[in-house]
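Sequence lines set the chain letters: A, B, ... in the order given, protein chains first and strands last, and positions in each chain run from 1.
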Amino acid sequence: SQQGEEDPQALSIQEGENATMNCSYKTSINNLQWYRQNSGRGLVHLILIRSNEREKHSGRLRVTLDTSKKSSSLLITASRAADTASYFCAPLNSGNTPLVFGKGTRLSVIA
Amino acid sequence: DTAVSQTPKYLVTQMGNDKSIKCEQNLGHDTMYWYKQDSKKFLKIMFSYNNKELIINETVPNRFSPKSPDKAHLNLHINSLELGDSAVYFCASSLRTSNYGYTFGSGTRLTVV
């Protein structure tokens, strides 16, 4: 699979604000996944959006996908200090190739 | 019950030694992976394996080898350890036909001295 490029590299916001992270990729995908990594822990799968979907919600998370622009965004609403983590996107070309991760976006939510 | 478990959690060893990291998953997944995360937090795929196919990242030195005794286990063997092997190693698993993403273990921090 190809690597997604997350933007910005780092983001610092106040608790209660919304956080938006973007992901760009280069070639057609089957689906795109977002993961969170808390410091010193393994990645946790947050949400998967298929190539034929444009938007998906899960709790305070909202993911959009624009296949014409080859980009996705992750919005975290009403952020909490516990949302402080690194966030990674992973575009998947096919089920037979492993996910490749970029450098992620480091989100800091200040209480 | 831990879904993907790795042992040990920490491993400190001398250069030149051979070591293994074990990984087990109880999710019934058919594919397992090893990733290496360096000090800059960059996560790199090392191996992908199911009972039919091993995909190796060609940049991984052949001192690293995966061993899978059964579908629930994928161990990582490292021969002749070098200082540059110091990193956090993550095991993960998935069901190839599903859309539920990967489940990661909590990582093994390897320090080579």
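- Using a 4.5 Å cut-off between heavy atoms, A:I47 makes no contact with chain B at all.
- Side-chain rings of B:Y102 and B:Y33 approach one another, their centers coming within less than 6.0 Å.
- Each of A:R106, A:K103, A:Q37, A:R41 has some count of heavy-atom pairs under 4.5 Å with chain B, and the biggest count is that of A:Q37.
- Checked against a 6.0 Å centroid threshold, the rings of A:Y35 and A:Y87 do not count as neighbours.
- Residue B:Q37 touches chain A through its side chain alone, counting heavy-atom pairs closer than 4.5 Å.
- In summary, the aromatic rings of B:F104 and B:Y35 are positioned with their centroids under 6.0 Å apart.
- Using a 4.0 Å cut-off between charged side-chain N and carboxylate O, A:R62 and A:E55 make a salt bridge.
- Residue contact with chain A, scored on non-hydrogen atoms closer than 4.5 Å, involves the side chain of B:F90 exclusively.
- Looking at B:P66 and B:Y49, their side chains never come closer than 4.5 Å, going by heavy atoms from C-beta outward.
- Contacts of B:I55 with chain A are made by side-chain atoms alone, with heavy-atom separations under 4.5 Å and no backbone atom involved.
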